[in-house]
Amino acid sequence: MTYNFNEIEAKWQKYWAENQTFKAENISDKPKFYVLDMFPYPSGAGLHVGHPLGYIASDIYARYKRHKGFNVLHPQGYDSFGLPAEQYAIQTGQHPALTTEENIKTYRRQLDQIGFSFDWSREVRTSDPSYYKWTQWIFIQLFNSWYNKDVDKAEDISGLIKIFASEGNSNVNAVCDDNIESFSSEEWKAFDTVKQQQILLQYRLTYLAETEVNWCPALGTVLANDEIVNGVSERGGHPVIRKKMTQWSMRISAYAERLLQGLEKIDWTDSLKESQRNWIGKSVGASVFFPILSFPKGEEKAGSLTRAGYMTGGNNSHLLLERAKEMRANPTQAEAVLWEQLRNKNLEAKFRQQHLIGDYIVDFVCLDKKLIVEVDGKIHENQLDEDAKRTEILENDDYKVIRFSNEEVLGNIDSVLKTIQEALSQRESVKDVLRMSEQIPPSGVRGIEVFTTRPDTIFGVSFMTLAPEHELIPQITTPAQKAEVDAYILATAKRSERDRMADVKTISGAFTGAYAEHPFTKQPIPVWIGDYVLAGYGTGAVMSVPCGDQRDYDFAKHFNIPIPNIFEGVDISKEAYASKDNVVIANSDFLNGLNYKEATKKVINELEKLGQGQGKTNYRLRDAVFSRQRYWGEPFPVYYVDGMPQMIDAKHLPIRLPEVEKYLPTQTGEPPLGNATVWAWDTNKNEVVSNDLIDNKTIHPLELNTMPGWAGSSWYFNRYMDPDNTEAFASKEALNYWKDVDLYIGGSEHATGHLLYSRFWQKFLFDKGLVPVDEYAKKLINQGMILGTSAFVTKVVPGLLKNNEKEFLAKGSKINPIFISSDRLKFIKQNENKCGLRFFIRDENTEDIFKLIEKLADKTEDFYSSKEETIGYDISFNLGHGFHTDVSFINASDELDIEAFKNWREEYKNAEFITEEDGTFKVKREVEKMSKSKYNVVNPDQICVDYGADSLRLYEMFLGPLEQYKPWNTAGITGVHGFLKKLWKLHVSEDGLNVTNEAPSKEALKTLHKTIKKVEEDIENFSFNTSVSTFMIAVNELTAQKCTSKEILEPLLVLLSPYAPHIAEELWEMLGHQTSISTAAFPKFDASYLVESSKVYPISFNGKTRFTLELPMDLNVQQIEKAVMAHEKTQEQLAGKLPKKVIVVPGKIVNIVG
RNA sequence: GCUCAAGUGGCGGAAUUGGUAGACGCGCCGGAUUCAAAAUCCGGUUCUUCGGAGUGUGGGUUCGAUUCCCACCUUGAGUACCA
């Protein structure tokens, strides 16, 4: 009997499905354990070998916990609303529900073939109305809630309405919009309902507010960020502007502090927690107001308190940055090819890809040379005007823009690179890059508002610094200083934020001539402007304390501004003292002698008395926009009366996604749901009716936006506990039994998206008493990525080299492409550098290459022809750069299947190959992210056919630590596959089962218990790679021992079953069991089998081991020393010298110090 | 720039509290089997001038350092001057 893995695996997968082996019970005496994988989006491309990595790890853990006697919940489902399906629908007209269904089928088939122990009876899909009914329901709960800071939790809005009616809003301590007008109870009662609703929206946890969106006037539509490429619409290439639109937002900022604090009690990876902390961005300090002492003429124009427009720049670049990131992740083929060349600095210049310049994202840029390289796809032809304009704007700012078509890049990368090289060489190196985005900070009337984290150092303020963009500057600058200030502003405007940041050494600034008044000393403080202060952060102004902040210190030193020392016993002659520890405040009036904490408290107190400041905690976390102008998402349960949103009663949910003709925005610029003809709410019949019936009395229009991708995934972990419940999102019993996820495994890319929003929703649900815990995942592990091993072929680029002159005429496109085996390159001598490109000498190693070129060139009439004179040209070649080739053409020894490669692409049909002497063609290999554009994707389906799911599972784990990034190399799978065959042979011979009831040998017991101990420790520590090695060692040892004892082999199968469940089940059954191995008890470790009577001591001299010596374990230190010293090898090593010292650690080591 | 993580054979990696560095596997080399190949099995495989040297580099602590400390270099990820 041989190990027929395909048959075995199909058999057990069928068995598990039919017997519902992994169905979790909601009522059980066993302790519960909840293992969850991050929600997958079912993409059309299917799985590659990198995807199942985390699933295999979580599956091993889930199976292990079942062996350990737990009732394990290990569900799986689909985050099935999403952009790709909608994009596909727009292109093909196919309903996204259909394509999603198709994709899920593929996904499920691929998951099933790997043998996961998912409880599929609990599958959920976010796009299923029975699921999104509850997403809508939670949205309604958020709408009907406000955040009461007094009790620090969310409460029902009805309580707030009561307070308004009884005492107005002046005593309400809520998280709400800024600048809310205050009103009395009488005023509240007098407001009409629309006004009341407007006010309530300012308090609700989800609210409608004006937010900026991307508006495309030419298309008459709003575009999502991903529909905008380089500042113009993806389709048609029309300009896009920022426009304010009313959008749903989530008041996540209310939970900023609790989201921060909650991180303390969850066992998530440190890097992930750190990302979330940064994202929340808490800083504690005070806001302080410094009045301006003297305004120049025209002070009546002093700025207002409104914040109009200040988000413009920041928001825009923030959105563009997101877009740029996406574009980096998903390059076109041409972009990928070019980037491959540029990033390796083959041109000796640093390039950045998809980089933000002003309001544009450019494909590639060398900032130092201000050179932009654009690769144009088909879309370029439709937007020549826009691109020309864009180029003009960029070139006005001293950039040089060069463009290539996709065909040029893909067809002749060498000439493209050469052109870039030439352009680079013609450009001066610059440090300044134009800064084009404008950010106007808000500011106080007749004064400067600052936020500081060090209010205790307020007596150390010797100047103020404003960002050059600060709106107050034109108003306060004195005529004498105007020329200098204007010149400075102009100069800094030419530098990008990035450059300002990178170049921290250059100190620059200008004095405005104005003075502010110190709140306590009432002394005038000079107001400067400097580019080290950023307009986009805080108020765009700082109180500069040179003795306590290094940037302020450097600025003061540079401009000879006094640096008063307010720290006792601290030397500030060399640098600022920025630490908050060991601080004793001095020269600070009422703060003298206090430490940081005391002084901070006291000064805030005093500022409040003056009305010139208060304690303030700043968070970077902003409320999250919740509307999407999209079709394929959850519809809002919202209709509009007099422009005010109304919630549909929960008993009428779900509000189903309506059918539409087209998935595009409407001609009037409304979201796709604007195309729906049956999309109005009848408040009498309580159902969705035709738009024709809208009378705005009983029948009203429904919301046209849909919810974003993160809506459904923010609470799905609770739904798995009770997925079929129609009365609630999950029953109280189920929620109280399962409570939270014990182990959550997924990628780190969700650090600040899904993982922050879902914690927010869980805390909200907890406040409302709907879930029993306020953190839903106790432990979270990020699995690393599996990288691809790309294969490259090197091209020979023939051409003509002009005698005595540094000029090379590439002629590669004139003849068939020539490729050279990578090992040949070692023997090719490089010519002296003639013009920056590499050329090669004609010698015995290259003779055949030159001959080949000559042969091919002779057949081509125009190879030698040139507009210039041809006399004096010599045939030559240089080496092109590596081209990706599909990894499926490469064998384990890195040899290319030349025929397959030739048939791959039309242009390679007649390619020539310069091979090794033995006729093989070697490729160069390099580790990169697995991606289609790099032709290094490995599909698990074929692996399952060739080696089986058990081999795949073991190999994925064997590759290395779970959380690490590691390259995939299919060749290595033979190792684990061989192990499984060996395991099989241990149990089954050609004549059948050869397991006996023979009593096990001592060695066999030792092997088994050593394995039990190690495997158990490994699983608990998520060190799955080392377990696989341990299994191999165990099987190697038992094979050597010729072990056939059931007493050994049976427990071994249980140990192995989480990793390789199919083979374990099969052998388990062959051993005579009637039921699945999945709940067999995990073997118990017995240390007594491992007790040794002797130890092989390493005998080391000065720490270097020279030989080993076996000694009984029961010897004491003196006896060991005696035995070692008496040994002939010891005397040999010592060569007659007396040792200075002998270190004996019983059971470990002997070290002789000479 | 800052923050974090990681640097060990040809490759993936192991060494869990400082105690025999390179487990296990791939690849490679040699052998057996075979007409031959695949598959399988056996042996070898850090380098070496055969004295030794050796875990990115240079220091330090220690009887002893891949492991602890300091400085630096490289790579990867995140972040964008957070006052």
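Residue numbers start from 1 in every chain, and the chains themselves are labelled A, B, ... in the order their sequence lines are given, proteins ahead of strands.
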Nucleotide of [options] approaching [X] most closely (side-chain heavy atoms):
X         : options             : answer
A/Ala971  : B/U20, B/C63, B/C26 : B/C26
A/Pro1098 : B/A83, B/U20, B/C24 : B/U20
A/Val542  : B/U20, B/A23, B/A83 : B/A83
A/Pro961  : B/A14, B/G12, B/U20 : B/A14
A/Met1032 : B/C82, B/G12, B/G25 : B/G25
A/Ser283  : B/C26, B/A83, B/G13 : B/A83
A/Ile1143 : B/A83, B/A23, B/C63 : B/C63

Between [X] and [Y]: side-chain donor-acceptor atoms closer than 3.5 Å:
X         : Y         : result
A/Tyr619  : A/Ser253  : no
A/Thr1026 : A/Asp1018 : yes
A/Ser283  : A/Thr453  : no
A/Thr269  : A/Glu963  : no

Search all heavy atoms of [X] against all heavy atoms of [Y] and return the closest pair with its distance.
X         : Y         : answer
A/Pro1098 : A/Lys1148 : CD-O, 3.3 Å
A/Gly530  : A/Thr465  : N-CG2, 3.5 Å
A/Ala541  : A/Leu466  : CB-CD2, 3.4 Å

With [atom1] as the reference atom in both, quote the distance from [N] to [M] in angstrom, rounded to an integer.
N     : M     : atom1 : value
B/C42 : B/C47 : P     : 23 Å
B/C26 : B/A32 : C1'   : 22 Å
B/U46 : B/G78 : P     : 38 Å
B/G54 : B/C70 : C1'   : 23 Å
B/A5  : B/G10 : C1'   : 26 Å
B/U75 : B/C24 : P     : 34 Å
B/A65 : B/G58 : C1'   : 16 Å
B/G9  : B/U55 : C1'   : 10 Å

In which stems does RNA chain B show up, taking only runs of three or more Watson-Crick or G-U wobble pairs whose two distances fall under 3.5 Å?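 Result, WC/G-U stems under 3.5 Å: B:1-7 with B:73-79, B:10-12 with B:24-26, B:27-32 with B:40-45, B:56-60 with B:68-72.
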Residue closer to the 5' end of RNA chain B, A/Val1096 versus A/Arg551 (nearest nucleotide):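 The 5'-side residue here is A/Val1096.
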More 5' along RNA chain B: A/Val284 or A/Ser275, using each one's nearest nucleotide?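 On the 5' side of the pair lies A/Ser275.
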Does A/Lys1006, at its NZ atom, have more than 12 non-hydrogen atoms belonging to other residues, nucleotides or ligands within less than 6.0 Å?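 Not buried by this count: 12 neighbours or fewer within 6.0 Å.
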Does a sphere of radius 6.0 Å around NZ in A/Lys1013 hold more than 12 heavy atoms from other residues, nucleotides or ligands, not counting ones at 6.0 Å or beyond?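 Not buried by this count: 12 neighbours or fewer within 6.0 Å.
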Just label B/G9 as syn or anti from its O4'-C1'-N9-C4 or O4'-C1'-N1-C2 angle, using within 90° of 0 for syn.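 In terms of base orientation relative to the sugar, B/G9 is syn.
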When you check the glycosidic angle of B/G51, does it come out syn, meaning within 90° of 0, or anti?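 Glycosidic conformation of B/G51: syn.
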According to a strict under-4.0 Å criterion, is [X] in side-chain N/O contact with OP1 or OP2 of [N]?
X        : N     : value
A/Lys981 : B/U40 : yes
A/Gln964 : B/A6  : no
A/Thr453 : B/C82 : no
A/Asn969 : B/G25 : no

Touch check for [X], heavy atoms < 4.0 angstrom, all strands: base, sugar-phosphate only, or nothing?
X         : answer
A/Thr1105 : sugar-phosphate
A/Thr452  : sugar-phosphate
A/Tyr965  : sugar-phosphate
A/Asn278  : nothing
A/Asn1036 : sugar-phosphate

Of A/Thr1011, A/Val1035, A/Asn1025, A/Ile1012, which meets side-chain contact (heavy atoms from CB on, under 4.5 Å) against A/Thr1030?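 Considering A/Thr1011, A/Val1035, A/Asn1025, A/Ile1012, a side-chain contact (heavy atoms from CB on, under 4.5 Å) with A/Thr1030 is found only for A/Thr1011.
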Check the angle between the aromatic planes of A/Tyr1059 and A/Phe1024 and answer parallel, tilted or perpendicular using the 30° and 60° thresholds.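 Perpendicular.
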Aromatic rings A/Tyr532 and A/Phe555: how do their planes relate, parallel, tilted or perpendicular, breaks at 30° and 60°?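 Rings of A/Tyr532 and A/Phe555: tilted, 30 to 60°.
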Working note: A/His518 + A/Phe459, criterion ring-ring contact (aromatic ring centres under 6.0 Å, His included); need CA distance, chi angles, decisive distance, verdict. CA-CA 9 Å; A/His518 192 283; A/Phe459 285 93; 5.5 Å; yes
Check the distance between [N]'s [atom2] and [X]'s [atom1] and give it to me in whole angstrom.
X         : N     : atom1 : atom2 : value
A/Phe1107 : B/G19 : CZ    : P     : 21 Å
A/Lys273  : B/U3  : NZ    : P     : 21 Å
A/Phe958  : B/G12 : CZ    : P     : 13 Å
A/Ile1149 : B/G64 : CD1   : C1'   : 7 Å
A/Tyr532  : B/C2  : OH    : C1'   : 18 Å
A/Leu272  : B/C4  : CG    : C1'   : 13 Å
A/Gln276  : B/U79 : CD    : P     : 13 Å

Electrostatic pair A/Arg277-A/Glu274, nearest N-O below 4.0 angstrom: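 Between A/Glu274 and A/Arg277 there is a salt bridge, with a charged N closer than 4.0 Å to a carboxylate O.
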In Å, rounded to the nearest 0.5 Å, how long is the span from OG of A/Ser287 to CD of A/Gln612?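 The OG atom of A/Ser287 sits 11.0 Å away from the CD atom of A/Gln612.
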Nucleotide by nucleotide, nucleotides 41-55 of chain B touches protein heavy atoms under 4.0 Å in the pattern (B base, S sugar-phosphate only, - none) ------------S--
Within residues 1013-1026 of chain A, which residues have any heavy atom lying less than 4.0 Å from an atom of RNA chain B?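 Close to the strand are A/Lys1014, A/Glu1017, A/Asp1018, A/Asn1025, A/Thr1026.
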